Amino acid sequence: MLDPKLVRNEPESVASALAKKGFTLDVETIRSLEERRKSIQSKTEALQQERNQKSKGIGKAKAAGEDIEPLLKEVEHLKSELAAAEKELAEVQSEWDAMLDGVPNLPADDVPEGKSEEDNVELRRWGQVPGFDFPVKDHVDLGEALAQMDFELATKLAGSRFVVMQHQIAKLHRALIQFMLDIHIEEHGYREIYVPYLVNRDSMYGVGQLPKFEADLFKIQDEREFYLIPTAEAPVTNVLRDEIFQDANKLPLKFVCHSPCFRSEAGSYGKDTRGMIRQHQFEKVELVQFVRPEDSDAALESLTAHAETILQRLELPYRVVILCGGDLSFSSARTYDLEVWLPSQDKYREISSCSTFRDFQARRMKARFRNPETGKPELLHTLNGSGLAIGRTLVAIMENYQQEDGSIRVPEALRSYMGGLEVISKG
RNA sequence: GGAGGGGUGGCUGAGUGGUCGAAAGCGGCGGUCUUGAAAACCGUUGAACCGCGAGGUUCCUAGGGUUCGAAUCCCUACCCCUCCGCCA
């Protein structure tokens with residue numbers, strides 16, 4: 001959520017900043033809502049004040065043993081008047097809240113202009129794109145030929161956009177999780193956290209998934225309102241929801257969390273239907289940080305570097321792009337995507353997305369810290385990034401490390417996690 | 001699943017329908033004392049909103065209701081605890 005004061009006081013400048021995201025802010029509606037709010041609020045509060053004072057008077061009179069009948073007459077009219085005013089105020093406020101809920105975060109100043117993915121700007125590249133002197137296969141052909149990856153079986157068990165893995169590929173998949181967790185915990189100073197994979201509505205609202213993006217989520221059919229998490233960001237960021245974090249000197253808080261992720265992928269029919277690129281269920285190691293506002297820009301750079309480390313250790317070529325305004329997500333102020341090289345597609349594909357939300361999520365969640373300088377609560381800044389998406393990393397390894405006979409070399413960095421195995425081959 | 005008991009500030013915990021945003025303790029902050037610290041003592045200390053300000057409003061899990069007036073009474077939901085049953 002944006003700062004309501006900012007939206008109220010400077011709707012034009014907010015609108016022009018949001019234009020970069022391709023969002024049109026209805027300045028006129030804001031103005032008229034704000035005018036109504038002001039008059040109704042002061043009217044309501046005046047009535048409340050009158051009621052409070054007179055009621056206290058009644059209490060005192062009663063205690064003094066006086067006749068309170070005349071006093072009761074005086075407040076008679078207040079009841080209905082106040083009820084009407086309160087109702088109207090509540091309506092205006094909920095209209096305002098609903099409007100504000102749908103307004104995306106402001107993009108950072110350095111976010112490039114642009115409408116879509118096409119307009120993202122490449123910042124840097126790392127590694128050498130491999131050359132092959134044989135026809136490359138994609139991970140589907142490789143995995144099926146090894147008899148260790150089965151999409152048809154997954155369809156039988158569940159439906160499309162799932163996979164079944166077995167044997168060494170399944171082990172490699174698991175090894176990637178351990179490998180990434182270990183590096184982030186031991187080298188980058190993150191704290192491991194295990195969280196629920198079903199969360200409530202408040203948590204989804206806090207990170208900005210709701211109310212706008214309900215269709216992207218799997219909802220549990222039950223009288224309780226549970227959603228399957230689309231990313232560990234949802235439960236982990238909500239750790240500080242409705243809290244005032246007291247030990248400012250313990251900031252930043254850095255959490256790493258492995259979790260499955262569930263996405264309905266509604267509206268992406270026909271997109272990446274082959275293989276493991278876009279699934280209903282996948283694993284991810286997620287990095288989440290809570291920082292003081294002045295530290296969040298630097299934190300995004302270091303968080304991105306932490307994710308990059310994984311690709312470098314795995315010796316996978318990648319590039320870093322900064323998302324343009326039009327491609328930036330609802331809650332994000334700035335996002336760097338890491339894109340890994342996929343030989344079968346002859347291009348870079350997203351494998352991690354690192355974002356700063358500044359105070360946008362924190363305001364929705366009321367996630368604050370006590371600033372020791374002022375003694376007052378202030379909104380935290382939140383960040384997160386994939387470090388990395390496991391399924392896509394597995395795909396990248398299979399494709400970049402493939403050999404002519406269809407076997408796959410195990411990256412050096414993973415061998416200790418694979419019992420020393422050097423090559424994955426049929427068996 | 002059955003029976004009961006609860007949700008109060010950063011934490012613990014008192015609270016009779018009225019002067020209660022709420023005792024007390026802990027913690028935090030400031031001070032006295034001390035070379036410094038600890039202890040002791042004194043003072044101070046909830047959050048959000050409106051307003052230039054004076055000041056006002058809201059908040060005792062959430063949502064309804066009763067009442068001139070609700071932390072307090074009633075209903076519903078959620079959560080927690082105890083006992084029984086079941087269970088990895």
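Given the structure is predicted, the values throughout are model-derived calculations rather than measurements. Each chain gets a letter, A, B and so on, in the order its sequence line appears, and its residues count up from 1.
- In this structure, A/R363 reaches neither bases nor backbone, as no heavy-atom distance under 4.0 Å exists between it and the strands shown.
- Comparing the same atom, P, in B/rG13 and in B/rG51 gives a spacing of 39 Å after rounding to whole Å.
- For B/rA48 and B/rG65, the P atoms lie 28 Å apart once the distance is rounded to whole Å.
- With a cut-off of 3.5 Å on both Watson-Crick or G-U wobble distances, the partner of B/rA70 is given as none.
- Taking only side-chain atoms of A/S55, from C-beta outward, the nucleotide of B/rG56, B/rA47, B/rG69 with the closest atom is B/rG69.
- As a whole-Å value, the separation of A/Q246 CD from B/rG9 P is 13 Å.
- If you take CD1 of A/I40 and C1' of B/rC50, they are 14 Å apart, rounded to a whole angstrom.
- Residue A/P372 is classed as having no contact, given no heavy-atom separation below 4.0 Å to the nucleic acid.
- Taking only side-chain nitrogens and oxygens, A/R201 never comes nearer than 4.0 Å to OP1 or OP2 of B/rA77.
- The closest donor-acceptor contact from the side chain of A/S332 to the backbone of A/L328 lies at 3.5 Å or more, if one exists at all.
- Taking the P atoms as reference points, B/rA71 lies 9 Å from B/rU19, given to the whole Å.
- In this entry the distance linking CD of A/E86 with C1' of B/rG69 reads 13 Å, nearest Å.
- As the counterpart of B/rC26, B/rG10 is assigned, both hydrogen-bonding distances of the Watson-Crick or G-U wobble pattern falling under 3.5 Å.
- For the pair A/K38 NZ and B/rC49 C1', the computed distance is 14 Å after rounding to whole Å.
- The closest donor-acceptor contact from the side chain of A/R358 to the backbone of A/H381 lies at 3.5 Å or more, if one exists at all.
- Nucleotide B/rC20 is matched to nothing when pairs are restricted to Watson-Crick or G-U wobble geometry with both distances under 3.5 angstrom.
- Distance noted for atom P between B/rG17 and B/rU12: 26 Å (whole Å).
- Between A/Q41 and A/E50, the residue whose closest nucleotide on RNA chain B is further toward the 5' end is A/Q41.
- Across all strands shown, B/rC84 is found opposite B/rG1 as a Watson-Crick or G-U wobble partner, with both distances under 3.5 Å.
- Rounding to whole angstrom units, CG of residue A/D202 and P of B/rU61 are separated by 16 Å.
- Ring planes of A/H184 and A/H188: tilted class, angle from 30 to 60°.
- Note on A/N200: nothing from the nucleic acid sits closer than 4.0 angstrom, heavy atoms only.
- The side chain of A/R370 lies closest to B/rG46, out of B/rU19, B/rG46, B/rC68.
- Comparing the same atom, P, in B/rU58 and in B/rA40 gives a spacing of 41 Å after rounding to whole Å.
- OP1 and OP2 of B/rC49 both lie 4.0 Å or more from every side-chain N or O belonging to A/R8.
- Among the heavy atoms of the strands, none lies under 4.0 Å from A/K366.
- The side chain of A/I244 lies closest to B/rG10, out of B/rC68, B/rU57, B/rG10.
- RNA chain B is contacted by both A/K376 and A/L72; A/K376 maps to the nucleotide lying nearer its 5′ end (nearest heavy atom per residue).
- Relative to the side chain of A/E45, the nucleotides B/rA48, B/rC68, B/rG56 differ in distance, and B/rG56 lies closest.
- Listed nucleotides B/rA48, B/rU19, B/rC50 differ in distance to A/K56; the shortest reach to its side chain belongs to B/rU19.
- Across the protein-nucleic acid pair, A/Q49 atom CD and B/rC49 atom P stand 20 Å apart, rounded to whole Å.
- A donor-acceptor pair under 3.5 Å links the side-chain atoms of A/K20 to the main chain of A/D109, judged by distance alone.
- In this structure, A/Q48 atom CD and B/rC50 atom C1' are separated by 12 Å, rounded to whole Å.
- A/K5 comes within 4.0 angstrom of sugar-phosphate atoms only, judged by non-hydrogen atoms across all strands, and of no base.
- The nearest whole Å value for the distance from the CG atom in A/D247 to the P atom in B/rG10 is 14 Å.
- Applying the 4.0 Å criterion to OP1 and OP2 of B/rG69, one finds that A/N52 has every side-chain N and O outside that range.
- Taking the centre of each ring, A/F262 and A/Y197 stay at or above the 6.0 Å mark.
- Between A/V111 and A/L323 the shortest heavy-atom distance is CG1-O, 3.6 Å.
- A salt bridge is absent between A/R161 and A/E265; no separation between the charged side-chain nitrogens and carboxylate oxygens falls under 4.0 Å.
- The shortest side-chain heavy-atom distance between A/T382 and A/L240 does not fall under the 4.5 Å cut-off.
- In this entry B/rG51 has no Watson-Crick or G-U wobble partner, no candidate having both defining distances under 3.5 Å.
- The same atom, P, is picked in B/rG36 and in B/rG43; the two are 24 Å apart, to the nearest Å.
- Distance noted for atom P between B/rG5 and B/rA62: 22 Å (whole Å).
- Between the P atoms of B/rU82 and B/rG28, the separation comes to 30 Å (whole Å).
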